[in-house]
2 protein chains.
Amino acid sequence: MKTEQPVSGFQPLYRRIKAQLTERLSAGEWRPGEPIPSEIDLAQRFRVSQGTVRKAVGELAGENVLVRKQGRGTFVASHAHTRSQLSFLRLTPDDGSVEELEAELIDVRRIRADATSARMLALPTGASLVRLRRTLSINGNRILFEEARVSADLFQGLGPEVVERHRCMLYSMYESAYHVKIVAAEEQLKAVDADADIAAFLDVAPGTPLLLMERVAYTYDRKPVELRRGFCNTSRHHYANEIT
Amino acid sequence: MKTEQPVSGFQPLYRRIKAQLTERLSAGEWRPGEPIPSEIDLAQRFRVSQGTVRKAVGELAGENVLVRKQGRGTFVASHAHTRSQLSFLRLTPDDGSVEELEAELIDVRRIRADATSARMLALPTGASLVRLRRTLSINGNRILFEEARVSADLFQGLGPEVVERHRCMLYSMYESAYHVKIVAAEEQLKAVDADADIAAFLDVAPGTPLLLMERVAYTYDRKPVELRRGFCNTSRHHYANEIT
DNA sequence: TATCAGAGGTCTGATATAAGACTTGCGTTG
DNA sequence: CAACGCAAGTCTTATATCAGACCTCTGATA
């Protein structure tokens with residue numbers, strides 16, 4: 001066993017392997033939905049034992065970056081397949097579950113990043129962003145209005161057509177059209193009153209209490225990629241969360 | 001290697017070890033804050049290899065039931081020590097972090113379980129419950145009103161004195177006074193309007209939008225133990241969540 | 001053509017061994 | 001008495017090996 005990094009920044013071997021794997025993932029060497037090489041194979045490439053690869057892969061699987069399938073192989077997680085697309089949607093009807101999901105695009109515009117957006121996306125103030133607005137219906141009830149902002153530079157040519165073509169599944173679209181895989185997000189929730197505009201979009205009276213959800217979404221290596229702000233009518237739905 | 005359970009209900013060895021560990025934890029063999037025996041020691045007791053124990057302990061550590069400390073040992077997670085007491089409190093000031101936390105007890109009463117509460121706590125309808133109400137202040141601002149319900153049978157003698165003595169840290173109290181360790185919870189969030197009563201408690205105008213948090217808290221083996229309902233003034237605070 | 005058995009690949013579970021890293025506490029040393 | 005160094009105990013990392021479980025594909029068979 002080699003002991004490198006004499007003093008600072010020591011990282012165990014399996015973490016370095018993990019880093020290498022994320023690097024290749026983010027470089028697009030293996031695409032979402034595709035299998036990565038077998039543990040044995042990876043072990044040989046990296047010249048470490050299969051157990052070490054296994055531990056690296058295990059952590060990535062724990063972070064939902066990879067998906068293991070016994071007897072078949074290990075796959076790059078994808079928003080396209082497996083309804084993992086829903087893993088970022090915490091809204092549920094009070095009774096029963098999500099049967100049908102439908103999104104309706106309102107508009108897609110180019111805007112300039114204000115100071116806050118820029119900072120949160122790690123971009124210079126004034127950078128060009130794409131702002132996308134839409135509503136979302138669960139089981140036929142329109143309950144969410146939301147807007148998303150992403151770097152226009154990273155998502156070149158992002159317009160209504162592209163969104164429509166992916167049926168408004170944004171993360172799936174980021175992934176397949178732009179090779180940007182969303183792997184984590186931070187959300188901040190508040191209760192607010194509906195203003196006139198949003199009330200109109202959601203078919204509720206102005207002043208109705210809405211759940212405000214603000215999100216920063218990250219890709220590999222915790223690079224911030226998308227800002228999102230949603231207003232949800234929670235009269236018959238709720239935001240479900242598991243604490244552990 | 002033994003292959004048991006020919007068809008159904010097969011559980012790998014490390015999971016059976018894990019189950020045995022949770023059992024002993026729930027029996028109080030090792031108390032929160034205390035160390036459990038070393039991996040080697042446990043391996044000998046259970047007559048399995050250290051690696052197998054390690055895997056079981058690893059999962060429990062991942063669930064925040066145990067806490068590993070390199071070079072020192074593995075400890076039973078505790079709400080009392082380490083500010084893990086806050087791991088169940090997702091409320092944060094919009095700017096900065098939680099510096100000071102203060103709870104104010106309103107009342108503690110015996111009530112009968114309605115059908116819903118009973119079902120969620122896995123108790124018979126009409127069972128005797130203790131209902132506790134309080135407000136909570138962060139950095140001096142009173143922002144949360146909440147009520148908690150627990151089985152009066154499980155928490156015998158639970159009254160204002162006991163709560164005050166533990167300075168309103170409920171999970172810490174459940175743990176040290178009743179040996180009930182809360183390990184997980186499910187929450188449902190909604191936005192609602194403040195009614196007159198709650199508005200008064202929170203010093204806001206009736207009709208102010210509030211974040212409604214409903215929670216079921218579980219102890220070892222996912223046994224439901226507490227129901228909680230909180231109303232939060234989110235004008236200068238938010239509920240923080242991490243999605244992965 | 002349709003079905004089935006089997007081979008081979010892949011992840012999973014279990015064990016064993018060894019050395020590194022971290023903490024604690026003891027005993028020596030200055 | 002204080003400081004230092006060392007040893008022991010514990011978790012952590014790494015490797016190797018083997019067998020089980022699960023899936024896919026292929027070739028034989030009816």
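Residue B:T74 places no side-chain N or O under 4.0 Å from the OP1 or OP2 atom of D:dT10. Regarding contacts with the backbone of D:dT10, every side-chain N or O of B:R68 stays at 4.0 angstrom or more from both OP1 and OP2.
Residues B:H166 and B:A177 come closest through the heavy atom pair CE1-CB, 3.9 Å. Residue B:P224 comes nearest to B:A122 through the heavy atom pair CG-CB, 4.2 Å, listed as atom of the first residue, atom of the second, then distance. Here the closest heavy-atom approach between residue B:I138 and residue B:P93 is recorded as CG2-CG, 3.9 Å.
One finds a salt bridge joining B:E186 and B:R222 here, because a Lys/Arg side-chain nitrogen approaches an Asp/Glu carboxylate oxygen to under 4.0 Å. A salt bridge does not link B:R215 to B:E146: none of the charged side-chain nitrogens sits closer than 4.0 Å to a carboxylate oxygen. A salt bridge links A:R68 to A:E39: one of the charged nitrogens lies within less than 4.0 Å of a carboxylate oxygen. Using a cutoff of 4.0 Å between basic side-chain nitrogens and carboxylate oxygens, B:E59 and B:R15 are scored as salt-bridged.
Following rounding to the nearest Å, B:I36 (CD1) and D:dT10 (C1') show an atom-to-atom distance of 12 Å. Between the CG atom of B:L66 and the P atom of D:dT12 there is a distance of 11 Å, rounded to whole Å. Atom CG in A:L13 sits roughly 12 Å away from atom P in D:dA16 (whole-Å rounding). Between the CZ atom of B:F75 and the P atom of D:dG9 there is a distance of 16 Å, rounded to whole Å.
In this entry C:dG9 has D:dC22 as its Watson-Crick or G-U wobble partner, both defining distances falling under 3.5 Å.
Across residues 39-62 of chain B, B:E39, B:Q50, B:R54 each have a non-hydrogen atom less than 4.0 Å from an atom of DNA chain D (numbered order).
Around the CZ atom of A:R236, the shell of radius 6.0 Å holds no more than 12 heavy atoms that belong to other residues, nucleotides or ligands.
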Strictly under 3.5 Å: I want the nitrogen or oxygen pairs between protein and nucleotides 3-7 of chain D, one per line.
none

Sort me out a list of protein N/O and nucleotides 4-9 of chain C N/O pairs below 3.5 Å, or just none if empty.
from: C:dG9; atom 1: N2; to: A:G71; atom 2: O; distance (Å): 3.0

### Query
How far apart are the C-alpha atoms of B:E226 and B:V180, what are their side-chain angles, what is the distance that settles it, and do they pass the side chain to side chain contact (heavy atoms under 4.5 Å, CB included) test?
CA-CA 10 Å; B:E226 181 209 51; B:V180 175; over 6 Å; no
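Here B:L42 contributes atom CG and B:R47 contributes atom CZ; the two are 14.0 Å apart, rounded to the nearest 0.5 Å.
Counted by atom type alone, A:E175 and A:S78 present one or more donor-acceptor pairs between their side chains at under 3.5 Å.
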